[in-house]
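Chain A is the first sequence line, chain B the second, and so forth, proteins listed ahead of strands; every chain is numbered from 1. All values below come from the heavy atoms of this structure, side chains included, with hydrogens, waters and symmetry mates left out.
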Protein chains: 2
Amino acid sequence: MSTQPPRLSATELAAYFAFTEVSSLLRHAVEKQLKDVGQLSYVQFQLLARLGDAPGGSQRMTDLADGVVYSRSGLTYQAQSLEERGLVTRAPSPEDERSTIVAITAAGREVLAKVFPGHIEAVKSLLFESLTDADVEALARMMTQVSGHLRANPPRSAGRRKAPTSAPASPSASRASSARGSVTD
Amino acid sequence: MSTQPPRLSATELAAYFAFTEVSSLLRHAVEKQLKDVGQLSYVQFQLLARLGDAPGGSQRMTDLADGVVYSRSGLTYQAQSLEERGLVTRAPSPEDERSTIVAITAAGREVLAKVFPGHIEAVKSLLFESLTDADVEALARMMTQVSGHLRANPPRSAGRRKAPTSAPASPSASRASSARGSVTD
DNA sequence: TATTGTTATACTCTATAACTATA
DNA sequence: TATAGTTATAGAGTATAACAATA
């Protein structure tokens, strides 16, 4: 009824389906492992892992959120949950009293350590076991490439506005600032 | 503290992280598009798409579930939701009165058609745009391989039991039967 | 008894909007 | 006014267990 619908080649379709299936199964398995072994959701694991890597084991809420893709309130929710379990602490930043500094505790590191082996094993056996070294290298290159592309082109609506019917976007300013893939998007 | 922890090579790590990030961002973008354009969750889209491909546009609940990885109740929930919106119908099978046959409706196909272009475009621009044809082919091969591997080796606990501390599970029977990667696992 | 599916229920997660406080 | 974070709240999704009906 309008512009030619975009198409995927047979190879692209196959790649997309298989990619989707793999990531879905892998994610599912990993989530189960994290939950079974460490009572952690995937997001919580990511947060802990980030903190574990961060210098000083701590980060501001905003920086933590960056990349974990959730809403601010979602991060607060998870951080609270982790704090209640004693895996992280939260304290106002001395430098900027508006900020909250989240820091991983020893207990947090323990959980991380407890969970890691199984996590890695799962990834190894599920994702890498059936790939050659060359494949893994190619995969790393491709995914890094795509990932960079995604970071550079923050997916907007990802399916452009429906029929706008009205003005083709007079920039109401405000939005723009979101610059680097902030929390929500 | 026990057996040598498994390790990932630097390349594997990079591949895993990038893979994870890509699949996460892609999934997020696709979910947004499906929701914006067709008020569909990803699962609902998958169900509709399956039905759309199925001969006669219909399938048994059990067969539908197979591969979508959710619990039976979860499928019932989604099927109900789709039925309420008139996108599918549900009726007992004539052959086996225990079974429920789910069939996509014309309205269901319309939604599918409405959602498809944006979906494909998103996949194209987010996943494939930065890859060469050769890359796509390699990706398809790898993912198909891994996917086959995963289907062959249904991820069990994916992270062996913790220290049981108590009774190591006296099998209350019942459970075992789940045989072929059924719904739940 | 085993299988198919639904219901009841509880819980986790996410998102929006309103709000507080600092800058 | 803009930024950082929290709270209140509502809604979607998932899982478990109990259940009903058919095979």
* Assign the ring pair A:Y42 / A:F45 to parallel, tilted or perpendicular, where the plane angle (0 to 90°) is split at 30° and 60°. => tilted

* Residues B:D135 and A:R141 bridged, charged N to O under 4.0 Å -> yes

* Asked: Would you call A:E31-A:K35 a salt bridge at under 4.0 Å N-O?
  -> no

* Interatomic distance where CG belongs to A:L64 and C1' belongs to D:dT6 [whole Å] -> 16 Å

* To do: Figure out the CD/C1' separation between B:Q39 and D:dG11, and round it to whole Å.
  => 15 Å

Shorter than 3.5 Å, N or O on both sides, protein versus nucleotides 11-14 of chain C: list them out with atom names.
{"from": "C:dT14", "atom 1": "OP1", "to": "A:Y70", "atom 2": "OH", "distance (Å)": "2.4"}
{"from": "C:dT14", "atom 1": "OP2", "to": "A:Q78", "atom 2": "NE2", "distance (Å)": "3.3"}

* What is the distance, rounded to the nearest whole Å, between atom CD of B:E95 and atom C1' of C:dT3? -> 16 Å

* For A:R27 and D:dT14, give me the distance from atom CZ to atom P, rounded to whole Å. => 12 Å

* **d(CE, A:M61; P, D:dT7) in whole Å** => 10 Å

* To do: Select base, sugar-phosphate, or nothing to describe what B:T76 touches, counting heavy atoms under 4.0 Å on all strands.
  => base

* Looking at B:R7 and B:E12, does any basic side-chain N land under 4.0 Å from a carboxylate oxygen? -> no

* To do: Taking atom types as modelled, find out whether B:T11 and A:E137 have a side-chain donor-acceptor pair closer than 3.5 angstrom.
  => no

Pick out the pairs of N or O atoms, protein on one side and nucleotides 18-22 of chain D on the other, that lie under 3.5 Å.
none

* Would one find a side-chain N or O of B:R60 under 4.0 angstrom from OP1 or OP2 of C:dT4? -> yes

* **Pair A:F128 + B:Y16: ring centers closer than 6.0 Å** => no

* Let me know, please, whether A:S99 or A:K35 comes out on the 5' side of the other along DNA chain D by nearest nucleotide. => A:S99

* To do: To the nearest Å, give me how far apart CG (B:D66) and P (C:dT3) are.
  => 15 Å

* To do: Using atom CG of B:L75 as one end and atom P of D:dT16 as the other, report the distance to the nearest whole Å.
  => 15 Å

* Rounded interatomic separation in angstrom, taking CD1 from B:I101 and P from C:dT4 -> 12 Å

* Heavy atoms under 4.0 Å, any strand shown: does A:T100 hit a base, just sugar-phosphate, or nothing? -> sugar-phosphate

* Asked: Considering all heavy atoms of both residues, which atom of B:M143 and which atom of A:V22 are nearest to each other, and what is their separation?
  -> O-CG2, 3.5 Å

* Asked: Would you say a side-chain N or O of A:R72 is under 4.0 Å from OP1 or OP2 of C:dA15?
  -> no

* Taking atom types as modelled, find out whether B:S81 and B:Q44 have a side-chain donor-acceptor pair closer than 3.5 angstrom. => yes

* **A:R50 to A:D66 - nearest heavy-atom pair and separation** => NH1-O, 2.9 Å

